[in-house]
Chemist: 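Before I ask anything, let me first share the structure, which is written out below as structure tokens.
It should be emphasised that the depicted structure is a prediction, and the values quoted were computed from it without experimental measurement. FYI, side chains are in, hydrogens and waters are out, and symmetry mates aren't considered; it's all heavy atoms of this structure.
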Amino acid sequence: MKAALFSVLCDIKEKTVLSMRGAEEEEPPDAQIMRLDNMLLAEGVSGPEKGAAAAAAAALAAAGESLNDNSAEHSDYRDKLAQIRQIYHSEMEKYEQACNEFTTHVMNLLREQSRTRPISPKEIERMVAIIQRKFSSIQMQLKQSTCEAVMILRSRFLDARRKRRNFTKQAIEILNEYFYSHLANPYPSEEVKEELAKKCSITVSQVSNWFGNKRIRYKKNIGKYQEEANLYAVKTAVDATNTSTHSSQASSPHTPNSGGYPAPCYTPDGRL
DNA sequence: TACCATGATTCGTC
DNA sequence: GACGAATCATGGTA
């Protein structure tokens, strides 16, 4: 009799609860969690640890960076990202553990109480689902704050990169030498840019920037750059002479200056 | 501290 | 996507 009554009460309760919560039962898959998961994966925070460095590199590459540049800054970025990753995983683990413990506790409690009041296994399941939803919302907050932390780290890193650093004298020398010896066509090819970048210990895009700035500033104020142009013209001439002295068949990498940008001027006696 | 030099960025054009 | 032009922002110096 007691069992039959318990079952009837459970049925009544079930129907009441269903009518009250029917609307809440079917939730669409959470797009926000998916977005956060994708982002954390792309930034190398979640996912396999092995792929984290590659993901971080890809994230920086997407921001226009190359991992060969300023390795100290990059390693700093990677270190901080690793810290975020570690915190994220330990917090996630904690939440999962807490969720499991709390769920077990509630289930035991409900089973215990089911002896004295009508609690069906379905209701216990529902309760477990509610708890898990609550914990997953907490986890979502964690994911969100982790994403924010990564974004802050990234923007700081990029801001740091934005800071201007003057090139070394040697680098300027190499770039100017190429520029003034190719005044007719100061547009280095990709290969040449790579070579110059290597020689100057800067990036190819820095070489491109430098030539872009140089071309326009030279054109705008030829008079100001005249002295510099003459200096490098003489230097190139001397180099060419030395090269031809050593090997008459050696071909100079410098193309003669003809047309294009105005050439440097010489004094009648052939000197500056 | 003002000023100039210069590397980087942005935007429009081809 | 490369380039020119304008502009920004910082480094160096008098």
Chemist: Is the shortest side-chain N/O distance from A/Lys220 to OP1 or OP2 of C/dG4 below 4.0 Å?
Modeler: no
Chemist: Between B/dT6 and A/Arg217, is there an OP1 or OP2 to side-chain N/O distance shorter than 4.0 Å?
Modeler: no
Chemist: Crowded around A/His89 NE2? As in, over 12 foreign heavy atoms under 6.0 Å?
Modeler: yes
Chemist: May I have the distance from A/Ile216 (atom CD1) to B/dT13 (atom P), rounded to whole angstrom?
Modeler: 15 Å
Chemist: Is A/Lys224 close enough to B/dC4 that one of its side-chain N or O atoms is under 4.0 Å from OP1 or OP2 there?
Modeler: no
Chemist: Please determine whether a side-chain nitrogen or oxygen atom of A/Tyr187 lies at a distance below 4.0 Å from atom OP1 or OP2 of C/dG4.
Modeler: yes
Chemist: For A/Tyr180 together with A/Tyr225, are the ring centres under 6.0 Å from each other?
Modeler: no
Chemist: Under 4.0 Å between any heavy atoms, over every strand shown, what does A/Lys193 touch: base, sugar-phosphate, or nothing? Just pick one.
Modeler: sugar-phosphate
Chemist: Is the distance between the ring centroids of A/Phe179 and A/Tyr218 under 6.0 Å?
Modeler: yes
Chemist: Please report, rounded to the nearest Å, how far the C1' atom of B/dG7 is from the CG atom of A/Asn209.
Modeler: 7 Å
Chemist: Look at all strands and tell whether A/Asn166 reaches a base, only sugar-phosphate, or nothing, counting heavy atoms closer than 4.0 Å.
Modeler: sugar-phosphate
Chemist: Rounded to the nearest angstrom, tell me the gap between atom CG in A/Asn221 and atom C1' in B/dT6.
Modeler: 14 Å
Chemist: Using whole Å, what does the distance between atom P of nucleotide B/dT6 and atom CZ of A/Phe211 come to?
Modeler: 15 Å
Chemist: How would you label the contact of A/Ile172 with the nucleic acid (heavy atoms, under 4.0 Å): base, sugar-phosphate, or nothing?
Modeler: sugar-phosphate
Chemist: With the side chain of A/Glu190 defined as its heavy atoms from C-beta on, choose the nearest nucleotide among B/dA8, C/dG4, C/dA2.
Modeler: C/dA2
Chemist: What is the separation between atom CZ on A/Arg165 and atom P on B/dA8, rounded to the nearest whole Å?
Modeler: 11 Å
